[in-house]
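Residue numbers start from 1 in every chain, and the chains themselves are labelled A, B, ... in the order their sequence lines are given, proteins ahead of strands.
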There are 2 protein chains.
Amino acid sequence: MQPTVRDPNPPLTRSVEDYLKAIYHLSSQGGFAATSDIAAMLEVSPPSVSGMVKRLSEMGLIEHVPYRGVQLTSQGRRAALRMIRRHRILELYLTQHLGYDWGGVHDEAERLEHAVSDELIERMASALGQPQYDPHGDPIPTAAGDIEEAELVSLADAHVGTKLELRQVGTQDTARLRYFAEQGLTPGVLLTVSERQPFNGPTTIALVPSGDPRVVGRELAQLLWCQEIGS
Amino acid sequence: MQPTVRDPNPPLTRSVEDYLKAIYHLSSQGGFAATSDIAAMLEVSPPSVSGMVKRLSEMGLIEHVPYRGVQLTSQGRRAALRMIRRHRILELYLTQHLGYDWGGVHDEAERLEHAVSDELIERMASALGQPQYDPHGDPIPTAAGDIEEAELVSLADAHVGTKLELRQVGTQDTARLRYFAEQGLTPGVLLTVSERQPFNGPTTIALVPSGDPRVVGRELAQLLWCQEIGS
DNA sequence: GAAACGCCTTAGTCTATACTAATAGTGAGA
DNA sequence: TCTCACTATTAGTATAGACTAAGGCGTTTC
Ligand SMILES: [Mn+2]
Ligand SMILES: [Mn+2]
Ligand SMILES: [Mn+2]
Ligand SMILES: [Mn+2]
C-alpha cells in the first residue's frame, strides 16, 4: 500500500478549461497567445497566468516559449475544442428550447460548459438536429474534434456590398486598438461594405444595425479580419 | 484605498452547497446531523467535515453543538432548499425533455445544480408547467423556499394494502442497518403492505417490482419511515 | 550600442478544501 | 463509577488557484 499515488490523468478543472479556450481563441490566427492577452481575456492578473502556464505545460496541454507566449499542443487543442463544442451547443439549446436571447446566453453557457456530461451535450445536439452553427453563427466543432475553419477576409479585401462580422483585430498596438474601440470596431460587430476608393483608398462601411458609417484607411482595414455572413 | 475588503456575502461554493444539502437531509427528521454521517454521505473524511462545520457556522449557515452535531439556521435552510429545488427541477427536466432515465439523472443534476442560474431553473420550471414533484416523487420546494412536508408513516402503522416508498430508516444502529440492507430495505425502495398479524405482530410486505416478500417485526417496522405513493 | 519602457516571470502570501495522524470527549457496559 | 470503544476535533500538510510586489528580459528609441 503506497502512500497515495497522484492520478496521472485527473479531470480538468474549470480554470484549466477556461484557460485552454482562451488560448485557443487568442492563437487561432496562427501565432502565440501572449500572457497579458490571456490575463485580459480571463480577467486575472498576469502572474496568475504565468503560474497556470507552468502547470498547463507540465500537463502537456500547451507549449510555452518564455517571454513569447504559448500554443496549444494537439492534446490541449482537443480539450479546447471539446469545451467550445459544449459552449456553442449550450448556447444554441438555451436559445432554441428555453427562450434565451443572445445576450444572456453566453454567461450561462460559460458556467454550464464545465458541468455538463458528454452524454447531456450529445442529447442536446440530437434534440437540435446535430447543428453546425451556434446562435452567433460560429461553427460548432464535431464530437470528434473537427471544426470548420472560418474563412476570414481582411476588410481591405472584402467585396463592396457584402455583410461581414468583425472577428479579429490583427494588431496589439495600443493606440490602434484604442482607436478601433472608439470607432466601435470590436470583434463581434456586424457591418456592410458600402464602397472602396480606388488606388488603395479607404473602405467605407456601415455598421449594423445602426447604419452609422465609418471610413477606414487601407492600413487599418488590413488589420480587421472579418467573416462573411451567410445569406 | 483600503487593502481589499473581504466580500461579506460571497456566493456559496459547490462544496458548501453540497454540505448544506447533506445536512438538510440528515437532520430532516428533526435532530442533529452527525459529523460521521455527513462524512459518509459526501464521501469525505470526518476531519474534513469538522473543518467545514467551523466555516459554515462562522458564516451563520449552521448551528454547531460540539460532539453532538449540527443543524441548519434559517439562512442555511433557505440555501439548502434552493439547491434541492434546483436539483429536483433539473432531474425532472432531464427526464421529461432530454430522455434521461431515473438512473443517470441524479449524477448529472448533482453537478448542474451548482452551475445553473436562477433564471435557467425558472425557465425549466415554466417549461415543465411549475411541477410539484421530481421523477422520484419527491416534492419540489417553491422558489420562495416552501416545501411540502412529506407525511411519513412508520411501516408498523401503515395500512394493509397501501403502496409505500421507504424514505428513511430511523436508527443509527449498525447491526440493524446492516440487517435492513441485507433485506433490501433501503431508502427509495417501493413496497406494498400485504398483511399484519394482530397483537403487535409482524408486518408482511412485498417489494416492488420483484414481489419478494419480507416479514418485519414490530420493533424494526417502527424504524422504517415510509411515504404513501399517490394513486 | 545604451537607456527606457513595457511585458513577463519569480517570490511570497492567502483562501478553500481536502487528507492523515494524533488527541480528546462521550456514553454504554462492567 | 470506571473503562473502553467509538466518534469528534485539532494539528499539521498538500494542492489549486488567485493576488501583490519586485525583478528580469527584449524591443524600441535615440
Ligand atoms: Mn459564447
Ligand atoms: Mn467557462
Ligand atoms: Mn437526485
Ligand atoms: Mn451537488
Side-chain angles (χ1 to χ4, degrees), chain A residues 1-8 10-20 22-23 26 31-59 61-62 64-70 114 171-178, chain B residues 1-20 22-23 26 31-59 61-71 114 171-177:
Chain A
M1 187 175 291
Q2 30 195 344
T4 318
V5 171
R6 310 267 286 96
D7 184 343
L12 304 182
T13 65
R14 178 183 172 160
S15 275
V16 166
E17 290 173 339
D18 279 337
Y19 272 92
L20 292 177
I23 293 166
L26 289 169
F32 287 81
T35 297
S36 53
D37 292 343
I38 300 170
M41 184 169 285
L42 297 177
E43 300 184 273
V44 297
S45 68
S48 299
V49 174
S50 285
M52 180 61 87
V53 156
K54 174 175 293 172
R55 265 170 277 147
L56 294 178
S57 42
E58 280 163 5
M59 288 190 264
L61 294 166
I62 64 173
H64 180 210
V65 181
Y67 293 97
R68 260 288 138 58
V70 300
H114 312 286
T171 179
Q172 314 225 114
D173 177 69
T174 312
R176 285 177 174 76
L177 286 172
R178 193 170 295 146
Chain B
M1 190 176 290
Q2 30 195 346
T4 318
V5 171
R6 311 268 284 95
D7 184 342
N9 258 89
L12 304 181
T13 66
R14 180 185 169 158
S15 275
V16 166
E17 290 173 340
D18 280 337
Y19 273 91
L20 292 176
I23 293 166
L26 290 169
F32 287 81
T35 298
S36 55
D37 292 343
I38 300 170
M41 184 169 284
L42 297 177
E43 300 183 273
V44 298
S45 68
S48 300
V49 174
S50 285
M52 180 62 88
V53 157
K54 175 174 294 170
R55 264 169 278 144
L56 294 179
S57 42
E58 279 163 5
M59 287 190 266
L61 294 166
I62 64 174
E63 208 69 59
H64 180 210
V65 181
Y67 293 97
R68 259 288 137 60
V70 299
Q71 275 185 318
H114 311 287
T171 180
Q172 313 225 114
D173 177 68
T174 312
R176 286 177 174 74
L177 286 172

- Item | Whole angstrom value for the distance that separates P of C/dC7 from CG of A/L26 | 15 Å
- Query: Using a cut-off of less than 4.0 Å, is there contact between a side-chain N or O of A/S36 and OP1 or OP2 of C/dC8?
  - Reply: yes
- Could you state the CG-C1' distance from B/L61 to C/dA16, rounded to the nearest angstrom? 15 Å
- Item | Distance, rounded to the nearest Å, where B/K54 contributes NZ and C/dT15 contributes C1' | 15 Å
- B/T35 or A/S15, whichever maps to the more 5' nucleotide of DNA chain D: B/T35
- Message: Just the rounded figure in Å: distance from P of C/dT17 to CD of B/E17.
- Response: 10 Å
- Item | d(OH, A/Y67; C1', D/dG26) in whole Å | 9 Å
- Message: Given D/dT9, C/dC8, D/dT10, identify the nucleotide with an atom nearest to the side chain of A/A34.
- Response: C/dC8
- Message: Under 4.0 Å from OP1 or OP2 of D/dA8: is there any side-chain N or O of B/H64 that close?
- Response: no
- Message: What is the distance, to the nearest angstrom, from the CG atom on B/D18 to the C1' atom on C/dA16?
- Response: 15 Å
- A/Y19 side-chain N/O to D/dA18 phosphate OP1/OP2 under 4.0 Å: yes
- Query: Think A/R55 has a side-chain N or O under 4.0 angstrom from the OP1 or OP2 of D/dG17?
  - Reply: yes
- Message: Please classify the nucleic acid contact of B/R68 as base, sugar-phosphate, or nothing, using heavy-atom distances under 4.0 Å.
- Response: sugar-phosphate
- Could you check how far CZ of A/F32 sits from P of C/dC7, rounded to whole Å? 19 Å
- Heavy-atom nearest pair, A/R68 first then A/F32, reads O-CB, 4.2 Å
- Message: Rounding to an integer number of Å, can you tell me how far A/H114 NE2 sits from D/dG17 P?
- Response: 12 Å
- Message: Mind checking if B/R14 touches a base, just sugar-phosphate, or nothing, with heavy atoms under 4.0 Å?
- Response: nothing
- Query: Residues from residues 44-53 of chain A sitting under 4.0 Å of DNA chain C, heavy atoms only?
  - Reply: A/P46, A/P47, A/S50
- Message: Which residues pass the salt bridge (Lys or Arg N to Asp or Glu O under 4.0 Å) test with B/R14, not counting sequence neighbours?
- Response: B/D18
- Message: A side-chain contact here means heavy atoms from C-beta on lying under 4.5 Å apart; do B/L56 and B/I23 qualify?
- Response: yes
- Given the rule in the side chain to side chain contact (heavy atoms under 4.5 Å, CB included) test, do A/V16 and A/L61 qualify, once you have shown the distances and angles that lead to the verdict? CA-CA 10 Å; A/V16 166; A/L61 294 166; 4.2 Å; yes
Side chains of residues 46-55 of chain B: which donor-acceptor partners sit under 3.5 Å, not counting sequence neighbours?
unit_1	atom_1	unit_2	atom_2	d
B/S48	OG	B/S45	OG	2.9

- Residues A/I38, A/V44; criterion side chain to side chain contact (heavy atoms under 4.5 Å, CB included); working and verdict: CA-CA 8 Å; A/I38 300 170; A/V44 297; over 6 Å; no
